[in-house]
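Quick note: residue numbers are just sequence positions, from 1.
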Amino acid sequence: MVLISIGFSLFLIPGVQKKIFLKILDRPGIEINIEHIKIGWGEMEMNSFHFSQNGIDINFDTLKVELLALSLLTKNEINLNHLTLTGLKVILPHKSQPKEIPSIVLNSKLEVDTLQGSFILKRIQSTYEVHTPETIHLKNIFYTHNGRLLLKEIEIATLFNVAIGLDSKKYLFTDLNISSKETLLTTGECRVLIIDGKEQQPLVKAEMELNGSLPSCLEQPLLSSFKNIEGGKFSLTGHFKLNNLWSANLKLQFEELKLHKSPTQIPIVEFDFTGHLDQNGTVDLNVPFIIEGAEGISDGSLQLSSNWVQNRHEVDALLIGKHLYLSDIILLSSVYQPIETSSFEGPISYIPLLTNQPSSATSHHFIHITSDGKQPDMKPFWSHYSGQMIIDYKRININSDCYLDNLVSEIHIDNEKISIKDLGAIMYKSPFHLKGTLKFFADNPELYFTETQAQLSNFDIGEYLAKRDPNSRPVLEAVVNITSNLQFYGLKLDNLLNKAQGQLTINSTKGIFRTLDIAGDNIKTGADLLSTFGSLLGNKVRELRTADRLANFFRNIHFDSFKIEAIRDKNLDIHLTDLFVKNQDIHLIGQGLISYQKGVPILDQPIKIKSRFSAKNEVANFLQKLTLLKNRRDNLGYKIGPSFFINGSLNHLDFSDLYRVIFQASKNTLSPKTQ
C-alpha cells in the first residue's frame with residue numbers, strides 16, 4: 001500500500017500555506033517535492049512541483065485550480081472548473097544496460113509554458129476517468145531529443161479523455177489542432193493505450209489520424225531538411241505498437257506537392273508503411289508506394305531488412321514494381337536536402353522510436369547526401385550501411401524518349417564501394433547490360449568516383465531517332481551495337497553525371513546514312529540538288545549515270561560498315577576520334593570535336609568534324625571527271641577524294657560543306673564549255 005506523509009485534513013482548512021515533502025515509501029527511487037500548497041474552499045494553488053524516478057524528472061512552476069472542495073469527500077466526481085499549469089518540464093532519459101536487447105531510444109525533454117482548461121474526474125469502480133468538457137490549450141511547447149531541438153513554439157488545442165485502471169491507461173485526443181505562431185499545422189485525433197508490464201517495459205499502442213499543411217510544418221526543426229517543399233498537403237493514418245520491440249502500420253499521403261524552382265507539381269504520393277523490430281534486433285519494413293507524377297503513375301514496393309552489426313546497418317533490400325517514371329522519382333527525392341551540422345558524434349535519431357545502439361556508436365538514421373555545395377562530404381553517404389539490394393521492375397521510364405523493360409539488377413554495398421552487378425534490361429526491344437562501381441576518396445579533391453561499363457545490342461537507332469523527330473527522316477537508319485566505358489568524378493554526388501568522362505563506340509554492319517536531307521540551308525531539299533546538277537551538267541550527267549542517280553546516292557548511302565568512336569576528356573569536350581562509313585562505292589572517314597557548353601544538352605552542343613571521302617567503281621569515275629579524286633588510294637584501296645566539314649549538332653547535323661565542294665567542282669568543270 002502506498003503511504004503518503006500528508007493528511008486529507010489539509011484540504012479542509014482554508015488558507016493553509018505549507019512547505020511539504022512527500023515520499024512514497026514502498027517504491028524506492030520515487031520522490032515528490034512540493035515547495036508550497038495553498039488550499040481554499042474553492043481553489044488550490046501548488047508551487048515548485050518536482051517528481052523524479054530513476055532519472056525521469058517532471059517539474060512545473062505553478063498549478064492553479066478552481067474546484068468545489070467538498071466534492072473531494074462526498075462524491076465520486078471532481079470538477080476542476082479552471083486549471084492553469086505553467087512552466088511544465090518533463091525529462092525522459094535512456095540508459096544503456098549490459099547485453100540490453102534492442103529497445104526504444106529515448107533521451108527527450110518536453111517543455112510547456114502554459115496548460116489551460118477544465119477537467120472532470122470520475123471514479124467508476126477501480127477505474128479513474130478524466131475528460132475535458134471543453135477544449136484545453138497547451139501553449140509554447142518545446143521538444144528536444146538527444147540534445148537536438150525538434151519542435152518549437154507549438155500550441156495544442158484538443159478535447160482530452162483518459163481512463164486510468166489498475167494495469168492500463170487509455171488516452172484519447174479528439175478535435176486536435178496543432179499550430180505554431182497562430183498558423184495551423186495539423187488537425188486530427190489520436191488514441192494511446194498503455195498496458196503496464198510487471199517485469200518488462202509497458203506496452204504502448206497508438207492510433208492516429210492527422211491532416212496538415214506542409215509549408216507551415218516545415219518551419220519546425222524536425223523537418224528542416226525538407227524545406228525544398230514549397231506547397232502541399234499531407235495525411236497520416238495508422239497504428240503503432242511499442243514495448244521492448246515495436247511494430248507499425250502507417251499510411252502517409254501527400255497531395256499537390258510543389259517544390260522550389262520546379263514548374264512540375266506531383267499530384268499524389270502514397271506510402272503504406274508496415275514494419276517491426278524482432279528479438280534479434282532486426283528491423284523489417286515493407287513499403288508499397290504510388291506516385292502520381294507529371295510523367296505518369298509510378299508504383300512499387302520496397303522490402304527491407306536491417307540489423308545493427310559492428311557499428312553498421314546490415315541491409316538486405318528488394319525493390320519491385322510494374323512501372324517507374326525516373327524523372328518523377330528524382331524530383332521527389334529532391335525534397336530531402338539535409339542541413340549541415342557541426343558535429344556527427346554520438347548516436348543520432350531524429351525519431352525516438354528506433355533501435356537502441358551502444359553509447360559509443362555513431363549512427364545516422366537518414367542517409368546523408370550533401371547537396372548544397374558549401375561543405376565537402378567527410379565520409380561517403382553509405383558509411384554506416386552495408387549489404388545488398390535487388391531491383392526487379394517491369395518498366396522504368398528514364399525520360400520521355402527512353403525506357404527500360406524487365407530490369408533486374410543486384411547492388412552490393414561494402415566499406416569501400418557500391419557495386420552494380422550486371423544490370424540487365426531491354427531498351428527499345430534491345431538487350432542492355434551495365435555494371436559499375438561508386439567509390440569515395442577522402443584524400444582526393446574529387447571525392448566521388450564512378451566507373452561503368454554498358455552495352456546496348458541490336459538497337460534500332462533509326463526507329464529511336466524517328467520518334468524523337470517525326471517530321472524528319474533520321475540521319476542514320478541501322479541496327480547498331482553501342483558500348484561505353486565511362487568514369488564520373490565529382491566533389492558532390494549529385495553532379496557526377498554532368499562530369500562523365502570516357503569512351504563510347506557505335507558499330508553497325510548494315511544500314512542507311514543520310515546526308516542530303518540534312519544538308520542545311522545551302523541545299524534545302526533533294527529536288528534542289530537535282531535541279532542544280534541538271535542546270536550545271538546537262539547531258540554530261542547522263543553519260544556518267546544521270547544527276548538523279550547521283551542525288552539518290554548521296555540522299556541514302558547504303559553502307560556495309562559504320563563506326564563512331566568518341567572520348568570525353570576532363571574539360572568535358574567530346575573528341576570524335578573515328579567516324580567510319582563504307583560500302584562498295586564509297587569510304588568516308590572523319591575526326592572532330594563536340595565543344596562543351598555549360599547548361600546545354602549534349603545533343604545540342606556545337607559539333608565540327610573534318611571528314612574525307614574516297615570512292616571506287618562508277619562513283620569514282622564520276623568524281624574523277626569533277627577532279628575531286630586524287631591518283632592515290634587509301635588503306636582500303638579507295639581513291640582518295642576531297643575533304644569537307646560536318647557542322648551543326650548531334651540533333652541537327654549539317655552537311656552543307658559537302659555539297660558546296662561538289663557544286664563548286666561541277667561548276668569549275670563545266671564553266672569553260674558553258675561560256
Checklist entry - After noting the C-alpha distance and the side-chain angles of S508 and F559, does the key distance pass the side chain to side chain contact (heavy atoms under 4.5 Å, CB included) rule? => result CA-CA 9 Å; S508 181; F559 60 79; 3.8 Å; yes
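- Heavy atoms only, all atoms of each residue included: L576 and A566 are closest at CD2-CB, 3.7 Å.
- The CG atom of D569 sits 5.0 Å away from the CG atom of N571 when rounded to the nearest 0.5 Å.
- A heavy-atom distance below 4.5 Å is not found between the side chains of V315 and I413.
- Between L331 and S262, the shortest heavy-atom contact is CD1-OG, 3.5 Å.
- Side chains of I411 and Q388 form no contact here, defined as non-hydrogen atoms less than 4.5 Å apart.
- N481 and N507 share no side-chain donor-acceptor pair at under 3.5 Å.
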Checklist entry - Hey, mind stepping through D585 and K616 against salt bridge (Lys or Arg N to Asp or Glu O under 4.0 Å) and telling me if it holds? => result CA-CA 5 Å; D585 296 309; K616 280 183 178 182; over 6 Å; no
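- Residues E292 and I297 have side chains in contact (heavy-atom distance under 4.5 Å, counting atoms from C-beta outward).
- One distance of note links CD1 of I398 with CD of E295; it measures 12.5 Å at 0.5 Å rounding.
- Between F513 and F655, the angle of the ring planes goes over 60°, which puts this pair in the perpendicular group of the 30/60° scheme.
- Contact annotation: the side chain of F562 approaches that of L476 to within less than 4.5 Å [non-hydrogen atoms, C-beta and beyond].
- Defined by atom type and a distance below 3.5 Å, a donor-acceptor pair is missing between the side-chain atoms of H433 and Q455.
- Between D460 and S430, the side chains place no donor N or O within less than 3.5 Å of an acceptor N or O (distance only, hydrogens not considered).
- Ion pairing between a basic and an acidic side chain is recognised when a charged N comes within 4.0 Å of a carboxylate O; R514 and E477 show such pairing.
- In this structure, NZ on K322 lies 9.5 Å from NZ on K394, to the nearest 0.5 angstrom.
- Here the straight-line distance linking atom CG of L259 with atom CD1 of I229 works out to 6.5 Å at 0.5 Å rounding.
- Taking a 6.0 Å sphere around NZ of K258, one finds it holds more than 12 heavy atoms contributed by other residues, nucleotides or ligands.
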Checklist entry - Could you walk me through whether D284 and S305 pass the side-chain hydrogen bond (donor to acceptor under 3.5 Å, both in side chains) check? => result CA-CA 4 Å; D284 288 312; S305 179; 3.0 Å; yes
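- Looking at every heavy atom in both residues, F271 comes nearest to V287 through CD2-CG1, 4.0 Å.
- Atom CG of L318 is separated from atom CG of D392 by 7.0 Å, given to the nearest 0.5 angstrom.
- With D657 contributing its side chain and F645 its backbone, the two residues share a donor-acceptor pair below 3.5 Å.
- In this structure, H575 NE2 and E565 CD are separated by 14.5 Å, a value rounded to the nearest 0.5 Å.
- For the pair L579/I646, a side-chain contact is recorded, criterion being any heavy-atom separation below 4.5 Å from C-beta on.
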Checklist entry - Would V581 and I586 count as a side chain to side chain contact (heavy atoms under 4.5 Å, CB included) if you check the C-alpha gap in whole Å, the side-chain angles of each, and the deciding distance to 0.1 Å? => result CA-CA 8 Å; V581 182; I586 195 169; 5.7 Å; no
Next on the checklist: Run the side chain to side chain contact (heavy atoms under 4.5 Å, CB included) test on L407 and F432 for me, step by step, so that the C-alpha distance in whole Å, both residues' side-chain angles and the decisive distance to 0.1 Å come before the verdict.
Outcome noted: CA-CA 9 Å; L407 183 144; F432 174 74; over 6 Å; no
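- In plain terms, the two heavy atoms of L302 and M389 that are nearest each other are CD1-CE, 4.0 Å.
- Contact annotation: the side chain of Q503 never approaches that of T577 to less than 4.5 Å [non-hydrogen atoms, C-beta and beyond].
- T282 and N307 are linked by a side-chain donor-acceptor pair at a separation below 3.5 angstrom, with hydrogens and angles left out of the test.
- For F289, the ring-ring contact (aromatic ring centres under 6.0 Å, His included) test picks out no residue, with sequence neighbours left out.
- Remark: side-chain polar atoms of D573 are paired, donor with acceptor, to backbone N or O of Y596 under 3.5 angstrom.
- Panel note: side chain N228, backbone S334; a donor-acceptor pair is recorded below 3.5 Å.
- A donor-acceptor contact shorter than 3.5 Å links the side chain of Q605 to the backbone of V600.
- Of the residues listed (V475, I607, D604), the one engaging L650 in a side-chain contact (heavy atoms from CB on, under 4.5 Å) is I607, and it is the only one.
- N415 is listed as a side-chain neighbour of R312, based on a closest heavy-atom distance under 4.5 Å.
- Surrounding CD of Q584 are at most 12 heavy atoms belonging to other residues, nucleotides or ligands under 6.0 Å away.
- When the side chain to side chain donor-acceptor pair (under 3.5 Å) test is applied to N397, the partners found at least two apart in sequence or on another chain are H323.
- In this structure, I420 and S409 have side chains that are in contact, with non-hydrogen atoms separated by less than 4.5 Å.
- In plain terms, the two heavy atoms of F580 and S561 that are nearest each other are CE2-OG, 3.4 Å.
- Within 6.0 Å of atom NZ in K582, more than 12 heavy atoms from other residues, nucleotides or ligands are found, so the atom counts as buried in its surroundings.
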Next on the checklist: Let's go through K608 and L593 carefully: what are the C-alpha distance in whole Å and the side-chain angles of both, what is the deciding distance for side chain to side chain contact (heavy atoms under 4.5 Å, CB included) to 0.1 Å, and is it a yes or a no?
Outcome noted: CA-CA 6 Å; K608 190 166 188 177; L593 181 71; 5.8 Å; no
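- In plain terms, the two heavy atoms of Y638 and S614 that are nearest each other are CB-CB, 3.5 Å.
- For the residue pair S386/E314, the side-chain donor-acceptor check at 3.5 Å is satisfied.
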